[in-house]
Amino acid sequence: MSERIDSPETTVADETDEQAAADRNANRSTTPRSDGFRDYISSNWGERVETLPEPREVAAHAARRRAELSAAFPGKRLVVPAGAMKQRANDTDYPFRAHSAFTWLTGWGSDAEPDSVIVFEPTADGHDVALYFRAVAGRDSEEFYANAAIGEFWVGPRPSLAHVAADLGIATRELGEVASLLASADTKTLVYREADPAITERIDRARLARAAEAVVTDNAADAPFGWEPGSVHEPDAELARFLGEARLVKDAWEVAELQAAVDSTKTAFTEVLAELDRAVATPRGERVLEGVFATRARIDGNDVGYGSIAAAGPHATILHWTRNDGAVRPGELVLLDAGVERDSYYTADITRTFPVNGTFSDVQKLVYEAVLEAADAALLIVEPGVVFSQVHATAMEVIARKTAEWGFLPVSAEESLEPDNQFHRRYMVHGTSHHLGLDVHDCAEARREFYRDGEIKEGMVFTIEPGLYFQPDDLTVPEEFRGIGVRIEDDILVTSSGAVNLSAGIPRTVAEVEAWVGGAGR
């Protein structure tokens with residue numbers, strides 16, 4: 001890649017001195033700074049004619065979401081940042097991904113600009129909402145060619161304020177204008193804290209100054225806010241909870257995006273199976289599988305929705321195995337847990353476990369069918385009104401019964417299911433379900449009574465993913481079970497009368513999986 005030079009990473013919340021950046025690069029080549037060069041590079045460019053787009057499909061949905069948020073926090077200034085670039089190494093960054101809360105409110109996904117901020121400014125009857133971002137800079141500016149962090153010559157053109165306003169159906173303003181809002185933050189200003197720590201700290205300090213004034217004049221009327229930057233702020237937490245709980249029920253557009261992500265994931269799984277022979281022939285064959293899946297994710301969408309788990313053999317017993325540096329051997333199973341993330345950031349989350357040589361052994365089949373039975377039992381109870389935690393409890397009844405039948409438990413299945421025992425959980429320590437959407441573990445800020453202990457509602461989308469994992473050195477199970485890990489994970493949409501498995505088209509049964517592996521064109 002080209003050498004990055006003279007690249008001050010300036011943001012609204014933390015401006016880095018350009019001279020300091022230049023000093024750090026004093027021993028490296030630098031961009032020409034002469035007046036002659038500056039005049040030459042800023043001239044003789046073709047005229048750009050901008051045609052404003054029609055609003056993207058999500059714009060109407062995002063406007064409704066903003067209205068819901070406005071109604072929930074009257075009189076409060078709300079600040080939800082997209083987030084900043086994150087350093088990977090020295091002067092290279094990770095690919096930018098806007099925070100999911102920001103994307104949910106704006107509809108801006110993989111094309112979102114770093115450092116952007118959406119601000120809800122209170123009015124007498126609601127809020128004026130504006131999206132602040134770093135708009136396109138002219139080619140007569142030094143930024144154009146000299147700033148490797150944001151300059152068009154380095155990272156490509158940015159959209160204009162008018163373009164984004166038309167595209168997203170929202171008022172837009174220059175990013176620099178938001179600085180005064182941050183500086184004037186008071187105790188009626190709430191921020192989504194985790195999205196951009198630098199902005200959060202700046203708001204904390206501004207609120208602290210005004211809270212201190214209030215202590216003198218109003219007898220600590222601002223006590224809900226902590227006295228140190230970065231401390232707990234309950235009103236901010238209320239904002240985060242709202243944005244988590246509001247996302248629990250998906251609209252029709254979101255469901256369509258999730259289905260499209262699942263469909264791309266099915267294609268990626270099939271392409272992985274077609275490369276099993278290459279994976280077997282490669283010392284770190286798990287990475288062959290990971291790479292094939294990632295290629296499809298980048299072709300069809302933004303990226304993978306999370307670090308893919310391509311776990312072969314005993315690695316399948318490690319729940320979050322993402323090193324993916326192991327061998328793929330005939331006679332063993334591969335557990336592939338992966339999902340394509342759309343440009344909208346909505347992601348699938350699918351797990352399939354399959355035999356490398358195309359046929360399950362007797363013991364592998366026994367374990368696989370037990371997990372499938374648990375998954376099917378859990379899916380069968382899903383309907384509006386059921387408590388979400390019951391999905392997990394239903395799957396665990398099957399896991400307890402099967403492991404008891406096989407003689408792995410020191411007590412009966414019924415005794416093991418008692419809260420003080422749970423011996424069967426040795427072989428499945430994770431939960432069975434989590435909500436799915438913009439984040440693979442969506443709505444994490446929702447309160448327990450709305451999430452784990454909440455009632456299932458029409459429009460919710462969540463996973464069902466039971467598993468059985470027998471560690472290679474687990475002496476509680478017979479030797480032939482050791483090193484076998486199986487998980488089956490599907491993405492489930494709750495309907496008015498039950499549920500639809502969005503990933504039902506991806507083979508699940510033993511016969512389907514064996515035929516799938518055998519017919520993958522290897």
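Residue pairs satisfying the salt bridge (Lys or Arg N to Asp or Glu O under 4.0 Å) criterion with at least one member in residues 428-438, sequence neighbours excluded, are absent. For residues 376-385, the salt bridge (Lys or Arg N to Asp or Glu O under 4.0 Å) pairs, not counting sequence neighbours, are Asp376-Arg508. Annotation: salt bridge (Lys or Arg N to Asp or Glu O under 4.0 Å) contacts involving residues 470-482, sequence neighbours excluded, comprise Arg426-Asp474. Every pair tested for salt bridge (Lys or Arg N to Asp or Glu O under 4.0 Å) that includes a residue from residues 306-319 fails, sequence neighbours excluded, so the list is empty. Within the structure, ring-ring contact (aromatic ring centres under 6.0 Å, His included) contacts touching residues 286-310 (residues at least two apart or in different chains) are Phe269-Phe293.
Every residue two or more places apart in sequence or in another chain that forms a side chain to side chain contact (heavy atoms under 4.5 Å, CB included) with Arg323 is listed here: Trp321, Asp325. With sequence neighbours excluded, no residue forms a salt bridge (Lys or Arg N to Asp or Glu O under 4.0 Å) with Glu290. Residues passing the side chain to side chain contact (heavy atoms under 4.5 Å, CB included) test with Ala327, sequence neighbours excluded: Arg329. In this structure, the salt bridge (Lys or Arg N to Asp or Glu O under 4.0 Å) partners of Asp300, at least two apart in sequence or on a different chain, are Arg296. Ser344 meets the side chain to side chain donor-acceptor pair (under 3.5 Å) test with Glu257; sequence neighbours excluded. Legend: residues meeting side chain to side chain contact (heavy atoms under 4.5 Å, CB included) with Ala240, ordered by chain and number and at least two apart, are Tyr192, Glu445. Qualifying side chain to side chain contact (heavy atoms under 4.5 Å, CB included) partners for Glu514, counting only residues two or more places apart in sequence or in other chains: Thr359, Phe360, Val510.
Looking only at atom types and distance, the side chain of His424 has a donor-acceptor partner in the side chain of Ser416 under 3.5 Å away.
Residues Arg284 and Val328 are not in side-chain contact: their nearest non-hydrogen atoms beyond the backbone lie 4.5 Å or more apart.
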### Task
Give the C-alpha distance, both sets of side-chain angles, the deciding distance and a yes or no for salt bridge (Lys or Arg N to Asp or Glu O under 4.0 Å) between Asp453 and Arg447.
CA-CA 9 Å; Asp453 296 335; Arg447 286 166 288 184; over 6 Å; no

